[in-house]
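Every chain is numbered from 1 and lettered A, B, ... according to where its sequence line falls, protein lines coming before strand lines.
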Amino acid sequence: MYSYLCSFHTADLDRKGFLVSMDASELDILRHSTAHVMAQAVTELFGDVKLAIGPTIEDGFYYDFELDHTFTPEDIEKIEAKMKEIAKRNLPIVREEMSSEQAEILFEELHQPYKVELIRDLPGDTVTVFKQGDFIDLCRGPHCSYTKKVKHYKLLSLAGAYWRGDEKNAMLQRIYGTAWGTADELAAYLTRLEEIAQRDHRKLGRELDLFSLPEELGPGLVVWHPKGAILRGLIEDFLKEEHKKRGYDFVVGPHIMKTSLWKTSGHYQTGYPMYFFDIEGQEYGIKPMNCPAHILVYKSQPRSYRALPIRYFELGTVYRHERSGVLHGLLRVRGFTQDDAHIFCTRAQMEEEIIGVLDFAFHCLRTFGFDEYEVMLSTRPEADKTVGTDENWELATNALIAAMEHHGIKYTVDPGEGTFYGPKIDVKLKDALGRLWQGPTIQVDLNLPERFDTVYYGDDNAQHRPVMIHRVVLGSMERFIGALIENYGGQFPLWLAPVQAVVAPVSEKAADYAADVYKELRGAGVRVELNDKNETISSKVRDAQMQKVPFTLVVGENEAADGTIAVRDRSGQDRRGVKAADFIEEVAAAVRDRS
RNA sequence: GCCGGUGUAGCUCAGUGGUAGAGCAGCGCACUCGUAAUGCGCAGGCCGGGAGUUCGAAUCUCCCCGCCGGCUCCA
């Protein structure tokens with residue numbers, strides 16, 4: 001498939017599978033040097049600049065600065081021009097090793113307090129600095145040999161960023177950029193950014209009339225329009241069917257619950273971002289999670305070990321007070337519906353249950369066109385920040401690992417990134433453009449069973465604590481559909497397309513026949529629309545294409561005469577003389593195998 | 001929440017102190033048309049909200065709100 005690779009000596013594929021002229025480490029070096037050249041340009045242009053950090057990131061780099069001047073978009077052009085000039089000077093980039101003390105003195109003299117702080121925190125007693133002309137930066141390197149190598153780059157955006165990512169620290173100004181080995185690669189990357197913008201679910205959501213987030217409603221609150229609601233309904237129907245197959249019981253809880261319940265669960269005390277309000281002197285909270293209700297269902301009667309595992313499923317709508325600055329289309333909202341389930345089982349059953357959940361999750365994801373994943377195991381944070389015994393943490397973590405190994409899943413460990421109440425597995429999905437999205441999460445909960453004193457009776461007739469596994473498969477409807485829209489670029493497969501076909505009469509002469517075809521298809525369960533506007537057929541075809549409708553069914557006098565339809569698909573392929581019944585079967589077949 | 005940007009018709013966007021504009025979408029009329037835009041016409045705006053400066057504000061200033069790009073946080 002990649003046989004043409006041979007013609008590229010140092011050719012490599014980048015992380016998203018695109019052919020690039022440099023391997024990952026060469027690109028990394030180039031980008032790092034580009035960041036230095038940018039920092040030099042900023043320093044030369046604005047004088048008193050305090051440099052923070054300037055690492056490489058996926059596809060590029062950034063550098064954080066502190067200075068009195070506030071960057072404007074116009075400054076970006078000036079900085080790019082200055083970078084070009086610096087590159088042209090072709091300064092040698094020289095590595096120098098020095099003792100930490102020397103370096104500290106050097107950067108004190110240069111009025112670079114952030115660098116001094118970095119040096120103090122670095123292990124070892126020597127550091128390296130890199131010099132190009134008058135510009136000196138603390139840096140591990142390596143770098144390109146000359147500034148001239150820095151050629152194909154573009155500064156992309158300005159942003160604020162806290163020093164060391166801590167909001168208690170000073171807000172710095174960050175400039176993001178990208179850099180590549182050749183002009184073509186840079187151009188390809190910029191084209192790719194364009195493509196990503198074209199697929200933006202917020203843009204497609206509006207254009208395809210799927211959903212909106214009206215200002216009148218409040219930030220982060222979604223209304224689903226008819227077409228979006230069809231899409232969402234199809235996904236929910238699929239989920240319900242799959243959960244039934246896999247032995248889940250459906251439960252339903254209310255949206256508001258007394259604050260005392262949130263005190264029992266601990267959400268109240270830990271300052272979970274909830275909404276609280278008062279009813280007749282009694283304080284209530286809107287649920288940010290579904291678990292307490294599920295636990296109360298569990299606790300509604302004594303449970304025997306024979307009844308376990310118990311799996312409760314709910315498409316549970318929750319509300320969380322997300323900080324205003326983090327809201328983003330469907331991907332980060334304040335009200336959302338999780339495909340949430342809680343599994344209560346014995347310790348001995350835990351591993352098998354997790355195996356089942358993983359199997360379930362991957363089956364669902366493949367159905368929606370996600371075939372590549374990255375899996376992360378998040379382990380226990382510092383012990384004093386967590387609940388639960390060492391033994392239980394170990395047991396839970398081992399069960400997660402064993403289940404992944406059972407499936408032969410390659411995973412990376414995110415040490416200390418588990419929740420305070422237990423370890424978890426996060427699955428990230430890779431979409432059509434190679435981007436990662438948050439997907440299934442499986443968490444073992446060592447906290448709530450204790451807090452709610454959840455028990456079952458064992459064969460020894462004694463009370464035991466069940467293991468509680470909290471898991472979502474698609475995550476939330478909102479976030480998942482956002483990802484789905486971008487993954488398909490709005491071109492949903494037939495089984496998910498809100499409108500599967502548009503009947504487009506060529507002229508009024510075929511209007512009656514078109515109406516008949518429309519009724520026949522609708523009667524057969526095809527999601528079909530009739531475009532009987534007083535417009536040309538070209539215009540109707542165009543409308544359907546723009547709406548990314550899978551099939552446009554053109555009917556004119558010819559079709560009316562022999563009782564057929566002309567089927568045009570989204571790629572522009574046209575099949576004439578198709579019987580409506582055959583088309584209906586074709587659609588039904590695709591819906592059956594979800595394609 | 002914080003830093004920066006931004007907000008004009010349903011959508012995309014012009015309009016830098018002197019009576020609010022275009023294209024598309026919508027509605028009407030004509031045309032009756034064969035696979036990505038037929039023509040003509042008509043409607044449509046508290047220029048995000050509030051306060052101020054000014055004879056006069058979409059335009060200048062301040063406050064608030066939303067959105068966008070990030071930081072932090074997360075399904």
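Remark: A/His328 is in phosphate contact with B/rG69, judged by side-chain N or O atoms under 4.0 Å from OP1 or OP2. Taking only side-chain nitrogens and oxygens, A/Arg334 never comes nearer than 4.0 Å to OP1 or OP2 of B/rA75. A/Tyr319 has no side-chain polar atom (N or O) that falls below the 4.0 Å cut-off from OP1 or OP2 of B/rC74. For B/rU35, neither phosphate oxygen OP1 nor OP2 lies less than 4.0 angstrom from any side-chain nitrogen or oxygen of A/Arg575. The phosphate of B/rG70 has neither OP1 nor OP2 within less than 4.0 Å of any side-chain N or O from A/Ser157. In this structure, A/Thr536 reaches the B/rU38 phosphate: one of its side-chain N or O atoms is under 4.0 Å from OP1 or OP2.
Residue A/Asn534 places a side-chain atom within donor-acceptor reach of the base of B/rC31, judged by atom type and a 3.5 Å distance cut-off alone. Checked by distance alone, A/Arg479 brings a side-chain donor or acceptor within 3.5 Å of a matching partner on the base of B/rC74. Side-chain N/O atoms of A/Arg332 and base N/O atoms of B/rC73 include a donor-acceptor pair closer than 3.5 Å. Taking 3.5 Å as the limit, the base of B/rU35 and the side chain of A/Arg576 contain a donor-acceptor pair of atoms between them. Evaluation of atom-type donor-acceptor distances gives no pair under 3.5 Å for the side chain of A/Ser539 against the base of B/rA37.
Ring-plane geometry between A/His255 and A/Tyr319 is classed as tilted, the angle between the planes lying from 30 to 60 degrees on a 0 to 90 degree scale.
One atom, NZ of A/Lys540, and another, C1' of B/rU32, lie 10 Å apart when rounded to the nearest Å. Distance CD (A/Glu215) to P (B/rC67): 7 Å, rounded to an integer number of Å.
A cation-pi arrangement is present between A/Arg174 and A/Tyr62 under the rule of less than 6.0 angstrom and at most 45 degrees off the ring axis.
With its ring centre under 5.5 Å from that of the base six-membered ring and a plane angle below 30°, A/Phe336 counts as stacked on B/rA75.
Residues A/Arg568 and A/Glu167 each lie close to RNA chain B; by heavy-atom proximity, the contact nearer the 5' end of the strand is made by A/Arg568.
The side chain of A/Val506 approaches B/rG34 more closely than any other nucleotide in the set B/rA75, B/rG34, B/rG66.
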